[in-house]
Amino acid sequence: MQPEAIPETLADPEVDLISPMLRRDGDSWTAGFRGLTLRTALQPIYSISHKRTIGYEALIRAQDPDLSNVLPIHLFELPSSDAENLLLDRLCRYLHMQNYSGIEDQLNWLFLNVSPRAVTSGSQADSFFGNLLAKTKLPPHRIVIEIVEQPTDDADRLRDTVAYYRELGCLTAIDDFGAGHSNFERIWNLSPDIVKLDRKLLTRATEDHKARQILNGIVSLLHQSGCLVLLEGVETSDQAMIAIDAGVDFVQGFYFCRPSTDLASLSNAPTDFDQLLQDYKARHQITQDPTRYLADFFWNDFQNATKLLQADTCMAQACRDLLNHRPVSRCYLADSQGVQIEDTLISDTGSRGLDPRFKPLESTSKADWYRQQYLRQALAQPGKLHVTAPYLCVTGAYMCVTLSLCFTHHDKQRVLCCDILANAPQ
């Protein structure tokens with residue numbers, strides 16, 4: 001059932017206007033809009049650390065009178081005015097909340113998508129959602145309002161509206177972060193509780209190792225911004241491993257569970273996170289943590305080099321064995337303040353890999369490396385060989401791993417460093 005006509009502007013509150021558009025259908029509720037039947041589908045969202053469901057995203061499903069499915073994108077193209085667009089948005093939220101209020105779950109979140117056009121329409125003091133919370137008896141702290149990540153004509157109104165939901169007691173989330181219009185400025189302006197990463201980031205990370213490192217960096221930056229991170233679109237075990245390795249908090253996708261309109265069965269959806277995490281730990285030990293093997297392999301050569309340096313042997317002779325290893329790019333020495341002593345020794349491999357475009361960065365005489373973690377770690381633990389994860393080296397813009405060892409020379413601390421190319425030339 002739908003109203004005879006939709007007014008150009010919608011009065012607040014409008015819960016009573018929308019209520020007749022909902023009807024009971026067995027154990028759940030449906031809604032009518034433009035001759036279509038709307039249903040709620042829920043897809044579980046999981047916490048990797050908790051190894052269980054922590055929420056559900058509500059998705060709309062529509063069918064025409066012939067019971068043929070209508071894609072959501074086509075459903076949301078039907079409104080012919082801002083008022084009707086706002087009505088459809090609120091109808092979907094009303095339907096989802098009415099259905100969720102009937103589920104025997106007093107703990108987990110309900111994620112609700114809100115159209116940016118609807119968010120920036122009407123007044124901030126709009127009382128519709130507050131009345132809807134009261135009618136469905138859902139506590140506001142169990143609702144996560146998702147704002148789709150796309151440009152808006154009124155950034156101030158969007159910020160005020162997000163603040164309104166937060167004042168009600170709801171959580172807020174930015175959806176599809178990493179899509180075409182994403183930027184951290186919106187994160188800073190809106191301060192969401194949760195950021196949902198666009199599935200394209202995961203697709204690229206699946207195909208490209210560099211994109212995987214970028215994904216890890218984005219997750220780290222979002223965490224530093226005070227946001228929990230959800231990665232959606234996980235469809236394979238490999239993508240689940242990428243999500244775990246990236247450090248995201250929550251995951252969602254077909255690999256775990258597909259959206260379902262059978263709401264009663266969702267709480268029984270099995271997901272074996274114990275086995276998944278066990279597989280990750282085994283894989284991480286073998287492929288993601290090479291530092292132990294590198295330290296063991298180079299330990300004797302580092303010991304010999306530092307003993308020769310302590311005996312006042314020149315750098316070139318002391319580091320000869322280290323530089324003879326094919327992956328080794330260069331060796332250099334720093335004092336206790338991180339300032340480099342003497343020039344860098346470049347191996348044959350390093351010389352072949354020099355890119356003339358980065359020649360201004362090659363000379364590192366008296367460079368200060370104290371900011372680098374490998375330098376500070378070595379100084380903090382003398383006698384222990386430290387190994388970094390792969391990173392971009394500033395001396396040539398190539399990916400490398402650095403080994404560092406602090407030793408004493410004439411009562412002064414010295415740190416011997418050795419760069420290994422992450423992708424050594426054959």
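What you see below is based on every heavy atom in this structure, not just the backbone, and it leaves out hydrogens, waters and symmetry mates. We number each residue from 1, following the sequence as shown.
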Check your understanding: Within the side chain of R52, is there an N or O that forms a donor-acceptor pair under 3.5 Å with the backbone of S47?
Key -> no
Exercise for review: Decide yes or no on ring pair (Phe, Tyr, Trp, His ring centres under 6.0 Å) for F184 and F177, but give the supporting numbers first.
Suggested key: CA-CA 9 Å; F184 276 92; F177 185 84; 5.3 Å; yes
Check your understanding: Should Y370 and Q337 count as side-chain neighbours, where that means a heavy-atom distance under 4.5 Å?
Key -> no
Point to revise | Verdict with reasoning, Q275 to D279, per side-chain hydrogen bond (donor to acceptor under 3.5 Å, both in side chains) | key: CA-CA 6 Å; Q275 183 61 52; D279 292 345; 2.8 Å; yes
Practice item. Test salt bridge (Lys or Arg N to Asp or Glu O under 4.0 Å) on R357 and D355 and set out the steps. Key: CA-CA 5 Å; R357 297 175 302 162; D355 188 332; 2.7 Å; yes
Exercise for review: Please check if any side-chain donor atom of S19 sits under 3.5 Å from a side-chain acceptor atom of Y94, or the reverse.
Suggested key: yes
**Study point:** Greater than 12 external heavy atoms within 6.0 Å of E362's CD
**Key:** yes
Revision key, fill the gap. Between the CZ atom in F128 and the CZ atom in R90, the distance rounded to the nearest 0.5 Å is 5.5 Å
Practice item. Output the distance between atom OG1 (T261) and atom CZ (R39), rounded to the nearest 0.5 Å. Key: 7.0 Å
Review point. Of the non-hydrogen atoms in L215 and A205, which two are nearest, and what is the gap between them?
Key: CD2-CB, 4.0 Å
Review point. Taking the six-membered ring for Trp, are Y46 and F256 parallel (under 30°), tilted (30 to 60°) or perpendicular (over 60°)?
Key: tilted
Exercise for review: Count the heavy atoms of every other residue, nucleotide or ligand shown that sit under 6.0 Å from CD of E77, and state whether that count exceeds 12.
Suggested key: yes
Practice item. Kindly indicate, with the supporting measurements, whether the criterion side-chain contact (heavy atoms from CB on, under 4.5 Å) is fulfilled by V415 and Y374. Key: CA-CA 10 Å; V415 179; Y374 62 79; 5.8 Å; no
Check your understanding: Taking atom types as modelled and ignoring hydrogens, do the side chains of T395 and T364 form a donor-acceptor contact shorter than 3.5 angstrom?
Key -> no
Revision key, fill the gap. Looking only at heavy atoms, the pair that brings I242 and T206 closest together is CD1-CA, 3.7 Å
**Study point:** R34 side chain vs L78 backbone, donor-acceptor pair below 3.5 Å
**Key:** yes
Review point. Any idea which heavy atoms bring F273 and I48 closest together, and the distance?
Key: CE2-CA, 4.3 Å
Review point. Is it true that a side-chain atom of D66 and a backbone atom of S68 form a donor plus acceptor pair closer than 3.5 Å?
Key: no
Practice item. Could you tell me whether a side-chain N or O of N99 sits under 3.5 Å from a main-chain N or O of L95, the two making a donor and an acceptor? Key: yes
Review point. Which pair of non-hydrogen atoms, one from Q213 and one from P390, has the smallest distance, and what is that distance?
Key: NE2-CB, 4.4 Å
Point to revise | side-chain contact (heavy atoms from CB on, under 4.5 Å) between L403 and F297, intermediate numbers included | key: CA-CA 11 Å; L403 289 78; F297 183 82; over 6 Å; no
Check your understanding: Do the side chain of S220 and the main chain of N216 share a donor and acceptor less than 3.5 angstrom apart?
Key -> no
Check your understanding: Yes or no on side-chain contact (heavy atoms from CB on, under 4.5 Å) for L263 and Y100, after CA distance, side-chain angles and deciding distance?
Key -> CA-CA 8 Å; L263 308 184; Y100 198 63; over 6 Å; no
Exercise for review: Test E232 against every option in L201, V248, D176 by the side-chain contact (heavy atoms from CB on, under 4.5 Å) rule and name the one that passes.
Suggested key: D176
**Study point:** Side chain R24, main chain G26, donor-acceptor under 3.5 Å
**Key:** yes
Practice item. Please check if the side chain of R414 supplies one atom and the backbone of I341 the other of a donor-acceptor pair under 3.5 Å. Key: no
**Study point:** Which atom of E57 lies closest to which atom of K196, heavy atoms considered
**Key:** OE1-NZ, 2.9 Å
Review point. When you look at CD1 of I73, are more than 12 heavy atoms from neighbouring residues, nucleotides or ligands closer to it than 6.0 Å?
Key: no
Review point. Distance-only, no hydrogens or angles: does the T349 side chain make a donor-acceptor pair with backbone N or O of R326 under 3.5 Å?
Key: yes
**Study point:** P192 to I174 - nearest heavy-atom pair and separation
**Key:** CG-CG1, 3.7 Å
Review point. Do any N or O atoms from the side chain of S225 and from the backbone of C227 form a donor-acceptor pair under 3.5 angstrom?
Key: no
Exercise for review: Step by step, work out the side-chain contact (heavy atoms from CB on, under 4.5 Å) result for I60 and H96.
Suggested key: CA-CA 8 Å; I60 200 69; H96 295 328; 3.7 Å; yes
Review point. Is a side-chain N or O of D343 found less than 3.5 angstrom from the main chain of S365, in a donor-acceptor match?
Key: no
Point to revise | Verdict with reasoning, R212 to D245, per salt bridge (Lys or Arg N to Asp or Glu O under 4.0 Å) | key: CA-CA 9 Å; R212 189 176 304 183; D245 193 57; over 6 Å; no
Review point. So does D27 have more than 12 non-hydrogen atoms from other groups sitting under 6.0 Å from CG?
Key: no
